[in-house]
Each structure stands twice: as structure tokens, then as C-alpha cells.
Amino acid sequence: MRIGYPCINNLLDCKSDITFRLKSYSEKRLKETVKNNLSCLLRILEFNLKHNILFFRITSDLVPFASHSICQFNWQKKFKKEFANIGNFIKKHRIRISMHPDQFILLNSLSERIYENSLRELTYHVDVLDLMELDLSSKIQLHVGGIYGDKEKSMKRFITRFKRINTKIKKRLVIENDEKLYSIEDCLNLNREISIPLLFDTFHHECNNTGESMGKLFNELRKTWHKADGQLMVDYSSQYPGGKKGKHIDTINIEHFQNFLEETKSFDFDIMLEIKDKEKSAIKAIKAASDDTRLIIPSK
DNA sequence: TCACGTCAAGCAGAT
DNA sequence: ATCTGCTTGACGTGA
């Protein structure tokens, strides 16, 4: 079991997700930004290692406009060494990596244009992981997508579109239950048609479920991850007290977290904390799980 | 230095 | 009709 957080570290004085306006695009600006973002990404990973944080989601803003037609620059070639260097660090310390493309990425869109744009954006995500030479346990997580007035048809469209996409993307993709439209049961139904690993979001499940207990589900979910996919990934969060249903808490509720660990104690998986204060909660969570025999501690 | 209008991209639900 | 949330503010102009 690894514990991690997504994209942003607030304690360091650098960011790996600096971007700029489309209007300000220039090759020079892109090069400067990517150079900064990559060097900061490595600093974040080093920080994480020091704090036993072995799971990290890389920001989709690492290379701004990478999938936009304005970007004709071969950033893959230019930064090949830097990517490989970060990849070596990740592999050396057995860090787990995920990515989560934005809400605009919709495989089941009714529009061919949106689907094509989505494929370009997914290719960019795959490029990042491939340039780091990471194995297929580094995943790209997506939701099923929209309903478009007919859920059954929209799920079918996801399946036909998924079957059509190239292997490079397919092998990296996992789908995640969302808090409103597609529950983990829906995802399991999809999995019966296409072999795709299912990433379980505990908080989305709290918001959108048909009564299954979390613990019971893990047995089925685990089976959707084959050996090359690595172990099950889980997104964890809890409700912001007094906030709207679905609003993420701003710092980890240790009691809730420990209950979750207890409830799932017979399973092993990696946990991504989708909590506002990022690395602070990850550090707290690792401390709270210090007696848990599943927790991986980096070798010094 | 700071205020504030706006930012590549989509969808659904609330207001 | 418009706003908000999503994983979430922050870029950048103008004063």
C-alpha cells in the first residue's frame, strides 16, 4: 500500500503545473515553462520520497497546449533526457504514478470532434509516461463520460469507442466511478464487456451507490487489475462538513480514514488522497497508517 | 503592486 | 439563462 496526493505540492516554492494563456503562446514560452515544470516535478518527487509518499498524480498541465494544434514544437525530443531522468528516479524508488485528464476528455461524446480531441489529449498523456519509460502500472484515469439523455446507449458508445482506440492508449486507461452519473456498479458492468481496470473512488461511492459496502466491492475490483496493471488504485476523500454533498474535505479526517483502512484490511491497494491540503494530509495519513503492515516504506 | 476580468476544451444540475 | 463544480485558481492586462 502506497499513499499519495495529486499534482500540487504547497510546501515547496515551485510548481509543476505552470501554464499560460493561449494568446501568449510561443515556442520560447513553452520551452521555458516545460523546463520549469519538469525540474519542479523532480523536486516534488524528491520531497515525497523524504516523507514516504510513494504515490503521485502528475498534472495534466505539465506540457501546456501539448495536444492543441498551436503546438507544433517537438517537446518530446527536446526534453527526452529530462523525462528519462525523472522516470529513472520514479523506477528506482518504486514510486507509483497516475494521471487524470480533465473533464473535457470524453470517449463517449456524441461529437466526433470531441472524441478526436480527447484522443489527442490521451496521446499526450501516454507520451509523458512513455518518455519516462514507466511500465503499464502507471495509469491514466478517466470517467465514463456523459449520459446524453440515454445512459445505456452512452455506455455502449464508450465500449465501441474504447475498442477502436490504439493499444498504447488502451493499456494505460482505467475508469473511475463518478459521484453523479456512473457508479461503480455501472463500471463493473462495463468491465464485463471490455477488460479495463476499475479505479475505485471511495468518496464518489459514498455519494453515488446502490447499497454495496465498500469492503465487499474490493474483491471484484481487484480482479479487474491484471498483473501488468499493478495493484488496485483507490481515490480517497470524505465529505466537507456542512458543505454541499460531494465537496471534498480540506484536511484529512483521520478517524474516517482509519475506519476505511479497517474496513478494507484484507485487501492491498494504492491510495490517492483527493484532499485540498495535498501533501499535508498525505503526511498525516502515512503517520496514521504507520502500524498498518500493508504500508510500503522506502528503503533508505 | 494589486485588482479583477477572463481563461482550450464538456457536461449536468442548481440557481 | 446563467452559474458552478469537476482534481482546482491563476494568468496577465491595466491602473
Side-chain angles (χ1 to χ4, degrees), chain A residues 4-10 14-26 29-30 32-33 36-37 40 44 55-72 97-125 139-151 153-155 157-158 161 174-183 186 199 201-204 207-208 233-240 243-250 252 271-279 281-282:
Chain A
Y5 64 96
C7 306
I8 293 166
N9 180 303
N10 290 314
C14 76
K15 294 168 73 229
S16 66
D17 60 337
I18 288 183
T19 184
F20 47 84
R21 297 282 178 258
L22 180 56
K23 270 204 314 200
S24 321
Y25 184 90
S26 72
R29 183 78 183 262
L30 182 75
E32 287 167 1
T33 305
N36 166 83
N37 288 352
C40 182
I44 294 175
F55 191 17
F56 189 66
R57 182 183 300 161
I58 295 175
T59 172
S60 295
D61 287 333
L62 195 66
V63 183
F65 304 104
S67 74
H68 192 284
S69 59
I70 200 171
C71 177
Q72 294 299 316
I97 294 296
S98 67
M99 296 186 85
H100 194 340
D102 286 298
Q103 58 270 32
F104 316 104
I105 306 326
L106 294 156
L107 287 185
N108 76 346
S109 172
L110 291 169
S111 143
E112 201 65 24
R113 178 184 58 83
I114 292 171
Y115 171 63
E116 293 293 335
N117 288 348
S118 299
L119 287 188
R120 277 215 305 283
E121 181 73 357
L122 287 174
T123 300
Y124 150 60
H125 283 76
K139 293 300 186 192
I140 299 169
Q141 63 189 93
L142 282 184
H143 296 293
V144 180
I147 299 273
Y148 309 99
D150 188 333
K151 189 166 178 179
K153 270 191 189 163
S154 294
M155 285 177 74
R157 198 164 48 254
F158 184 94
R161 288 269 178 74
V174 302
I175 46 176
E176 175 193 352
N177 56 309
D178 65 74
E179 80 280 26
K180 286 192 184 118
L181 310 179
Y182 294 94
S183 68
D186 296 323
L199 187 154
D201 188 309
T202 65
F203 184 39
H204 291 165
C207 300
N208 178 20
M233 284 182 181
V234 171
D235 282 357
Y236 168 87
S237 187
S238 63
Q239 176 64 39
Y240 184 87
K244 268 191 211 165
K245 183 183 168 190
K247 183 174 161 67
H248 291 246
I249 199 162
D250 52 2
I252 190 166
I271 308 173
M272 179 61 63
L273 304 173
E274 291 191 331
I275 297 175
K276 205 172 163 59
D277 68 354
K278 308 283 179 184
E279 74 288 343
S281 280

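Fair warning: this is a prediction, and the values are worked out from it, not measured in the lab. Chain naming here is simple, since letters A, B, ... match the order of the sequence lines and numbering starts at 1 in each.
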Restricting to side-chain hydrogen bond (donor to acceptor under 3.5 Å, both in side chains), what partner residues turn up for [X], sequence neighbours left out?
| X | result |
| --- | --- |
| A:S60 | A:H125 |
| A:S237 | A:H248 |
| A:K180 | none |

[atom1] gap between [N] and [M], integer Å:
| N | M | atom1 | answer |
| --- | --- | --- | --- |
| B:dG5 | C:dC3 | C1' | 16 Å |
| B:dT6 | C:dT2 | P | 14 Å |
| C:dA10 | C:dC6 | P | 15 Å |
| B:dC7 | C:dT4 | C1' | 16 Å |
| B:dG10 | C:dC11 | P | 22 Å |

Comparing A:H248 and A:S24 on DNA chain C - which has the more 5′ nearest nucleotide: A:H248

Across the strands shown, which category fits A:T59 at heavy-atom distances under 4.0 angstrom: base, sugar-phosphate, nothing? nothing

With heavy atoms under 4.0 Å as the rule, sort A:R120 into base, sugar-phosphate or nothing. nothing

Starting at [atom1] of [X] and ending at [atom2] of [N], how long is that distance when rounded to a whole Å?
| X | N | atom1 | atom2 | value |
| --- | --- | --- | --- | --- |
| A:L273 | C:dT8 | CG | P | 12 Å |
| A:K15 | C:dT8 | NZ | P | 14 Å |
| A:N37 | C:dC11 | CG | P | 10 Å |
| A:Y5 | C:dT8 | OH | C1' | 16 Å |
| A:I8 | C:dC6 | CD1 | P | 14 Å |
| A:Y25 | C:dG12 | OH | P | 14 Å |
| A:R29 | C:dA10 | CZ | P | 15 Å |
| A:N10 | C:dT8 | CG | C1' | 11 Å |

Taking protein heavy atoms under 4.0 Å as touching, what does nucleotides 7-15 of chain B look like 5' to 3' if B marks base contact, S marks sugar-phosphate-only contact and - marks none? BBBBSS---

Of all residues at least two apart in sequence or in a different chain, which pass the ring pair (Phe, Tyr, Trp, His ring centres under 6.0 Å) check with A:Y115?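 Residues passing ring pair (Phe, Tyr, Trp, His ring centres under 6.0 Å) with A:Y115: none at all.
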
Check disulfide (SG to SG under 2.5 Å) between A:C40 and all other residues, then give those that pass, not counting sequence neighbours.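 By the disulfide (SG to SG under 2.5 Å) rule, A:C40 matches A:C14.
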
Does C:dT8 have OP1 or OP2 sitting under 4.0 Å from an N or O in the side chain of A:R57? no

Taking salt bridge (charged side-chain N to carboxylate O under 4.0 Å, His left out) as the cut-off, I'd like each qualifying pair that reaches into residues 102-112 of chain A, sequence neighbours left out, listed once.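 Qualifying pairs, neighbours excluded: A:E112-A:R161, A:E112-A:R164.
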
Checking side-chain polar atoms at under 3.5 Å, does A:S154 have a donor or acceptor matched by the opposite partner on A:R157? yes

Ion pair A:R57/A:E274, N-O distance below 4.0 Å: yes

Examine A:K247 relative to A:Y240 and say whether NZ or CZ is less than 6.0 Å from the centre of the six-membered ring and inside a 45° cone about the ring axis.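 Yes, A:K247 sits over the ring of A:Y240.
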
Acceptor/donor pairs from residues 17-25 of chain A side chains to any protein atom, 3.5 angstrom cut, sequence neighbours excluded:
none

Note on DNA chain C: ranges paired as stems (three or more Watson-Crick/G-U pairs in a row, both atom distances under 3.5 Å) are B:1-7 with C:9-15, B:10-15 with C:1-6

